[in-house]
Each structure stands twice: as structure tokens, then as C-alpha cells.
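First comes the structure, then the notes that go with it.
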Amino acid sequence: MNDTTADDSGNDGGTAGTGNDGGTAGAGSDGNTSYGHKPFKRSRSHFADRITADGRDGWPVEPGRYRLVVSRACPWASRALVSRRLLGLEDALSLAVADPIQDDRSWRFTLDPGDKDPVLGIRYLSEAYDARERGYPGGVSVPAIVDVPSGKLVTNDYQRITLDLATEWTALHRPGAPDLYPEPLRAEIDEVMEGIYRDVNNGVYKAGFASSQEEYEEAYAALFRRLDLVSARLADRRYLVGDTITEADIRLFTTLVRFDAVYHGHFKCNRNKLTEDPVLWGYVRDLYQTPGFGDTVDFDHIKRHYYQVHTGINPTGIVPVGPDLSGWTAPHHREQLGGRPFGDGTPPGPVPPGERVTPVAAV
């Protein structure tokens, strides 16, 4: 997630002078103030090596070898957080959480003692990028996976990381882990995800960082047209594809969970709030209350990142007090539609102590 780039790099909040809201490095003040002054375009991930069971890119799946770096503010990184929890990879793939507020070098480890990641021994994620490719001109984004022994970035391919966690890391999955990308449904999952990525995941950024009225209105129209289609699809089915949670649900969830808190007001996606669509509001609460989803969400990180980093569209840096979050734990009644969240599997275990997020209070 880059937050200083305007070049569609699949970052959502920490790019280094790139203008993406997905996690790029070097999100300095100049980059932050550029939001809303140039067209938004998400670029492809530059480091697209894959960590696979056969190690064909030189990076074999190995327990304890790699470290996943995220920001809890970033929806793209949050996909990896949810997948890792559902698949039970916490012991196999360690976690580093960056500060939601970046300085001129982007994502930093100021949440850790001594302002340094305790495993990688670095202060900034950009150091892992530099270890991999000195002078790389792009932004520093999350999610990123770093090779612990060498300290080098392996991949920042936000589209591929979660698919590989589901399909290449199977030997390290917990007993009872769900199949998040079942082979018989992949074509349908890919088709559903493509429209959601273009119009929803990316669409909120296109609207929020639009530099002209025409650009904004085009993104706004596409966003709500897609949300209406998704709402209709979910009216009589619990999940997007099949009767279990899949990668498609994870990708939609990470945008919907941020909708009322930041996209509705901050990004001017204000035709209606998510709470005003009974289907989508029930759907996202169903997922939020499912182990592995809501227990990865940090609304404090989300709000502070968007409102304090995007100074180009929120120059005061004031963070709204609302919205009221108590409704997230209210009954959703989606179980009446059937479906089996984990298929033939089981829910994930408790959140590891060092990774717990303060939960939303129950109503």
C-alpha cells in the first residue's frame, strides 16, 4: 500500500513518493500533499518473485524463513493478514506491523522497542528494498515479504501473495484450514474479483484522489454500480462464490470494512453509507464476526493513516471521532442463508498474544 504515489501500484498507504494508498515507501510531505492533484493510477508490483513449494524462483516455502510486513491501515496488506490467520500460518510466517503514520522514508517500525523491527533489525521497510535492489526508483509498499536470513525483500506483489499463501504454502497450513482458492471455482472467483478490484478496491482510490470533477464522477459511478451488483448477488447467498469463504470475500471485505470510516467522507464516496445497504452491511458484519477477519482490523490505525497521511485532501490532519463502531458486533442473521464459512475445515485458533487488536465493544 502506497500512500504517496499516484501511480496505481497496488499500494494503499505507504509509498515512497509514489502517490498510492497502498503502502509505498517515501511518503514524504510532498508526496502526501500531491493527493488529489494528479490522476491516480495503481502500478504493478516491481518485485514479483514468488515463494513456492518447489522454490522455482529461488524462494522455497520454509517455516520461519520469511517475515510478512504489513500496515493494519492498508486494505491490500489486510488481505494477507486475514489469509495468514485463516490458514494458520502465524508460526510459519512471522509478522511485522508498521506504524500507520509514515515519514519521508515511508513505512517505519516505530511501534517496536527502539523503533526497530526486532527480527529484521531495520528501522524502515525501505532498508529491505535497498538490500534487494539498490537505487530502486519506485515506492516502498506493503504487504511485503522479506527473507529473514538475507534481509532482502522477496515480493511486494499484493495480488499474488495471498493466492500463494492459499496454494503454495499448503504443507504448513493448520489442520482444518479452509481452501480459499478451490480449483473448481477459480474461474468464477477470478471473474468476480476482477470487477471488484477495478471498481471497488481501486475505485475508492480513483474517486478519492481524483484531480478533476469528471474523473471523480466516473469513478464514483463505477463504484456504486459495482456495489449495487455485488449487493444483488449477495441478497440470497452468504458468500460471493460457492457456499464457503474464498479469496473473493477477503478482497471485498478489506474495502468494505473501511467504507464508512474513511471512504464515505474522506474519499467522497458518499451516495450512501455501508450501514444503509442492508445486504452489504449484513455481509460485512458476518465476515467481521468470523474468526480471522475482525480480529485483524484496527480502526484506529485505519483512521489515523488516511486522515493524517493524505494531507493533500485533508490538510488539517484532523481525524474524525466517528463513526459509531458498536454495530459491528450486532446480529447479522446471514447464517439463515446457509453456507459453511470454513467448508469442511474449522475456525482458526486464538490470535497470538503479540498480534491482538483492541476489539470493538459488543452491543
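All residue numbers in this chain count up from 1 along the given sequence. Atoms considered below: every heavy atom in the structure, side chains included; atoms not considered: hydrogens, waters and symmetry mates.
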Side-chain touch [X]/[Y], heavy atoms, less than 4.5 angstrom:
| X | Y | value |
| --- | --- | --- |
| Ile302 | Val297 | yes |
| Tyr283 | Val230 | no |
| Tyr239 | Leu287 | yes |
| Leu111 | Val97 | yes |
| Val284 | Trp328 | yes |
| Trp281 | Asp260 | no |
| Trp169 | Ile51 | yes |
| Gln289 | Arg334 | no |

**Message:** Working note: His301 + Cys74, criterion side-chain contact (heavy atoms from CB on, under 4.5 Å); need CA distance, chi angles, decisive distance, verdict.
**Reply:** CA-CA 9 Å; His301 280 207; Cys74 169; over 6 Å; no
**Request:** Please confirm whether Tyr288 and His332 have ring centers closer than 6.0 angstrom.
**Result:** no
**Request:** Would you confirm whether the ring centroid of Tyr124 sits within less than 6.0 angstrom of the ring centroid of Tyr129?
**Result:** no
Do the side-chain N and O atoms of [X] and [Y] include a donor-acceptor pair separated by under 3.5 angstrom?
| X | Y | value |
| --- | --- | --- |
| Asn314 | Tyr306 | no |
| Thr296 | Arg84 | no |
| Arg174 | Thr346 | yes |
| Thr155 | Asp49 | no |

Between [Y] and [X], is the closest basic N to carboxylate O distance under 4.0 Å?
| X | Y | result |
| --- | --- | --- |
| Asp300 | Arg304 | yes |
| Arg340 | Asp243 | yes |
| Arg251 | Glu194 | no |
| Arg67 | Asp147 | no |
| Asp54 | Arg56 | yes |
| Asp115 | Arg108 | no |
| Glu90 | Arg85 | yes |

**Message:** Just checking Glu355: does its CD atom have more than 12 heavy atoms from other residues, nucleotides or ligands closer to it than 6.0 angstrom?
**Reply:** yes
**Item:** CD (Glu276) with more than 12 external heavy atoms under 6.0 Å
**Value:** yes
Inter-residue atom distance [X].[atom1] - [Y].[atom2], 0.5 Å rounding:
| X | Y | atom1 | atom2 | result |
| --- | --- | --- | --- | --- |
| Gln213 | Glu218 | CD | CD | 12.5 Å |
| Asp99 | Leu125 | CG | CG | 13.0 Å |
| Ile250 | Thr255 | CD1 | OG1 | 12.5 Å |
| Asp179 | Leu185 | CG | CG | 8.5 Å |
| Trp76 | Thr254 | CH2 | OG1 | 7.5 Å |
| Arg186 | Leu163 | CZ | CG | 8.5 Å |

**Request:** Verify side-chain contact (heavy atoms from CB on, under 4.5 Å) between Leu180 and Thr246, making sure each step is shown before the conclusion.
**Result:** CA-CA 4 Å; Leu180 299 176; Thr246 67; 5.6 Å; no
**Complete:** The single option from Asn156, Asp157, Asp164 that satisfies side chain to side chain donor-acceptor pair (under 3.5 Å) with Arg160 is Asp164
Looking only at non-hydrogen atoms, find the nearest pair between [X] and [Y] and report the distance.
| X | Y | value |
| --- | --- | --- |
| Ala261 | Pro323 | CA-CD, 3.7 Å |
| Ser71 | Ala77 | O-CB, 3.6 Å |
| Ala235 | Val279 | N-CG1, 3.9 Å |
| Pro143 | Tyr158 | CD-CB, 3.9 Å |
| Ala207 | Cys269 | CB-SG, 4.0 Å |
| Leu280 | Asp277 | N-OD1, 3.0 Å |

Is it true that [X] and [Y] fall in one hydrophobic cluster, defined by side-chain heavy atoms closer than 4.5 Å?
| X | Y | value |
| --- | --- | --- |
| Leu337 | Leu229 | no |
| Val357 | Leu86 | no |
| Val351 | Val70 | no |

**Asked** Run the salt bridge (charged side-chain N to carboxylate O under 4.0 Å, His left out) check on Asp199 and Arg225 step by step: do they pass?
**Response** CA-CA 8 Å; Asp199 299 331; Arg225 181 167 56 246; 5.8 Å; no
Is a donor on one side and an acceptor on the other found under 3.5 Å between the side chain of [X] and the backbone of [Y]?
| X | Y | value |
| --- | --- | --- |
| Ser94 | Asp91 | no |
| Ser231 | Leu227 | no |
| Glu168 | Ala53 | yes |
| Asp57 | Trp59 | no |
| Glu215 | Ser211 | yes |

**Request:** Kindly assign one of parallel, tilted or perpendicular to the pair Phe267 and His310, based on the angle between their ring planes and the thresholds 30° and 60°.
**Result:** parallel
**Asked** Just one of Thr170, Leu165, Leu172 clears the side-chain contact (heavy atoms from CB on, under 4.5 Å) bar with Val61, so which one?
**Response** Leu172
**Item:** Axial cation check for Phe109 ring with Arg123, 6.0 Å and 45° limits
**Value:** no
**Item:** Steps toward side-chain contact (heavy atoms from CB on, under 4.5 Å) verdict (Phe259, Lys273)
**Value:** CA-CA 7 Å; Phe259 200 89; Lys273 294 179 181 179; 5.8 Å; no
**Asked** What do the steps show when you test Leu89 against His173 for side-chain contact (heavy atoms from CB on, under 4.5 Å), and what is the final call?
**Response** CA-CA 6 Å; Leu89 291 171; His173 288 181; 4.1 Å; yes
**Asked** salt bridge (charged side-chain N to carboxylate O under 4.0 Å, His left out) between Arg233 and Glu188: does it pass, once the steps are laid out?
**Response** CA-CA 13 Å; Arg233 181 182 183 91; Glu188 185 178 0; 2.8 Å; yes
